[in-house]
K.L.:
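Sharing a structure with you now.
Just the heavy atoms: all of them, side chains too, but no hydrogens, waters or symmetry mates, feed the values below.
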Amino acid sequence: VMVADKNRKKISIGVEDFKEIIDRNGYFVDKTPMLAELMESNTKVTLFTRPRRFGKTLNQSMIQRFFEKEITEGGGITDNRYLFDGLAVSSCGGDIMEHCQQYPVITISLKSEDTAMCLRPTVYPKHRRRSSGSCATRQQLRTDTPSLSFSCRSVWQSITAEMYSS
């Protein structure tokens, strides 16, 4: 007879939210040293390239949960520091951990083909962007989701307005 161990970690297939994996006691391959590398690299832009199903969205979620100062609907601050307890980044020292939950974060996912097709015209020269006007409208409508904070919504709206202005 096999007895289930309540402390045994679970395999979280298809879960892309770092917080959900930690909260549900799921297996997580600790990639938090990446956070220290990002801060120490002093680069303006970092491109993460990995094959399909290699955890890009999960890493993005981890980065977001580390840096984001998450504001609730009521204006309070969600404390997510516990998510990193026992992970490698928690032993990197105060100069790294002082950045935890200090910044507004905008996360953009291009997972749905509609979104990818919608954003693709932004890489073309201005004279080829005329057809992207309807895409800008669809993107702006998506900022009405309740999960997007007011400050992030404002920043996203200014970015899309600038991207699609002629």
Side-chain angles (χ1 to χ4, degrees), residues 5-48 50 54-112 114-116 118-119 122 135-164:
D5 182 4
K6 292 187 188 259
N7 295 326
R8 190 175 185 183
K9 294 209 176 272
K10 299 163 188 71
I11 297 174
S12 302
I13 298 171
V15 179
E16 299 171 335
D17 181 19
F18 174 72
K19 185 174 184 172
E20 184 177 344
I21 287 176
I22 299 299
D23 285 346
R24 291 186 176 189
N25 196 30
Y27 276 112
F28 175 71
V29 175
D30 190 354
K31 297 197 180 165
T32 59
M34 162 195 311
L35 298 166
E37 290 172 21
L38 281 171
M39 287 183 280
E40 293 167 354
S41 70
N42 202 25
T43 60
K44 288 186 177 186
V45 176
T46 303
L47 176 65
F48 297 99
R50 301 282 188 276
F54 258 67
K56 294 180 295 293
T57 304
L58 179 58
N59 285 340
Q60 183 179 10
S61 173
M62 176 193 65
I63 292 167
Q64 177 183 4
R65 296 289 183 182
F66 184 81
F67 289 110
E68 182 175 45
K69 185 175 186 177
E70 189 177 338
I71 309 295
T72 65
E73 292 286 326
I77 297 173
T78 302
D79 187 6
N80 286 322
R81 291 176 192 268
Y82 75 93
L83 297 172
F84 300 93
D85 290 346
L87 297 178
V89 73
S90 65
S91 62
C92 285
D95 55 331
I96 299 298
M97 289 305 293
E98 71 184 12
H99 293 280
C100 187
Q101 293 191 273
Q102 296 300 310
Y103 308 101
V105 174
I106 297 175
T107 303
I108 300 171
S109 176
L110 302 177
K111 287 190 97 155
S112 83
D114 182 40
T115 304
C118 188
L119 293 177
T122 62
C135 290
T137 303
R138 284 199 305 272
Q139 284 299 334
Q140 288 165 352
L141 290 175
R142 289 185 183 138
T143 63
D144 292 338
T145 61
S147 61
L148 191 63
S149 71
F150 176 75
S151 58
C152 288
R153 186 177 301 118
S154 299
V155 170
W156 177 247
Q157 287 170 340
S158 67
I159 289 170
T160 55
E162 189 175 309
M163 282 178 10
Y164 292 107

K.L.:
Taking side chain to side chain contact (heavy atoms under 4.5 Å, CB included) as the definition, give me every residue that meets it alongside Asn42, ordered by chain and number, with sequence neighbours left out.
P.N.:
none
K.L.:
Does anything in residues 57-67 pair up under salt bridge (charged side-chain N to carboxylate O under 4.0 Å, His left out), and if so which pairs, sequence neighbours excluded?
P.N.:
Asp17-Arg65, Arg65-Glu70
K.L.:
Is the count of non-hydrogen atoms from other residues, nucleotides or ligands lying under 6.0 Å from Phe48 atom CZ greater than 12?
P.N.:
yes
K.L.:
Show your reasoning for whether side chain to side chain contact (heavy atoms under 4.5 Å, CB included) applies to Met39 and Phe67.
P.N.:
CA-CA 11 Å; Met39 287 183 280; Phe67 289 110; 3.8 Å; yes
K.L.:
Output all residues satisfying side chain to side chain contact (heavy atoms under 4.5 Å, CB included) with Gln60, sequence neighbours left out; order by chain, then residue number.
P.N.:
Thr107
K.L.:
Donor-acceptor pairs are to be reported for all side-chain atoms of residues 92-100 against protein atoms at under 3.5 Å, with residues two or more places apart or in another chain.
P.N.:
| unit_1 | atom_1 | unit_2 | atom_2 | d |
| --- | --- | --- | --- | --- |
| His99 | ND1 | Tyr103 | OH | 2.5 |

K.L.:
Check salt bridge (Lys or Arg N to Asp or Glu O under 4.0 Å) between Glu20 and all other residues, then give those that pass, not counting sequence neighbours.
P.N.:
Arg24
K.L.:
Go through the steps to decide whether Ile71 and Ile77 satisfy the test side chain to side chain contact (heavy atoms under 4.5 Å, CB included), and finish with yes or no.
P.N.:
CA-CA 5 Å; Ile71 309 295; Ile77 297 173; 3.9 Å; yes
K.L.:
Which heavy-atom pair separates Lys31 from Phe54 by the least distance, and what is that distance?
P.N.:
NZ-O, 4.1 Å
K.L.:
For Ser12 and Gly26, indicate whether the former's side chain and the latter's backbone hold a donor-acceptor pair under 3.5 Å.
P.N.:
no
K.L.:
Phe66: which residues meet the ring pair (Phe, Tyr, Trp, His ring centres under 6.0 Å) condition with it, sequence neighbours left out?
P.N.:
Phe84
K.L.:
Under the side chain to side chain contact (heavy atoms under 4.5 Å, CB included) test, which residues partner Lys56, sequence neighbours left out?
P.N.:
Arg50
K.L.:
What pairs with Arg81 under side-chain hydrogen bond (donor to acceptor under 3.5 Å, both in side chains), at least two apart in sequence or on another chain?
P.N.:
none
K.L.:
Which residues satisfy the side-chain hydrogen bond (donor to acceptor under 3.5 Å, both in side chains) test with Thr32, sequence neighbours excluded?
P.N.:
Asp30
K.L.:
Specify the closest pair of heavy atoms between Tyr27 and Lys9, including all atoms of both residues, with the distance to one decimal.
P.N.:
CE1-O, 3.6 Å
K.L.:
Atom OG in Ser91, atom CG in Asp85: separation rounded to 0.5 Å?
P.N.:
11.5 Å
K.L.:
Identify, with sequence neighbours excluded, every residue that meets salt bridge (Lys or Arg N to Asp or Glu O under 4.0 Å) alongside Asp23.
P.N.:
none
K.L.:
With the side chain counted from C-beta on, respond yes when Ile21 and Leu58 share a heavy-atom pair under 4.5 Å apart, and no when they do not.
P.N.:
yes
K.L.:
Main chain of Asn80, side chain of Gln101: is a donor-acceptor contact present, judged purely on distance under 3.5 Å?
P.N.:
yes
K.L.:
Could you tell me which residues satisfy side chain to side chain contact (heavy atoms under 4.5 Å, CB included) with Ile13, sequence neighbours excluded, listed by chain and number?
P.N.:
Ile11
K.L.:
Look up atom OG1 in Thr57 and atom CE in Met62, then write down how far apart they are to the nearest 0.5 Å.
P.N.:
12.5 Å
K.L.:
Counting neighbours of NZ on Lys69 that are heavy atoms of other residues, nucleotides or ligands and sit closer than 6.0 Å, is the number greater than 12?
P.N.:
no
K.L.:
Applying side-chain hydrogen bond (donor to acceptor under 3.5 Å, both in side chains), name anything that partners Thr46, two or more places apart in sequence or on another chain.
P.N.:
Thr43
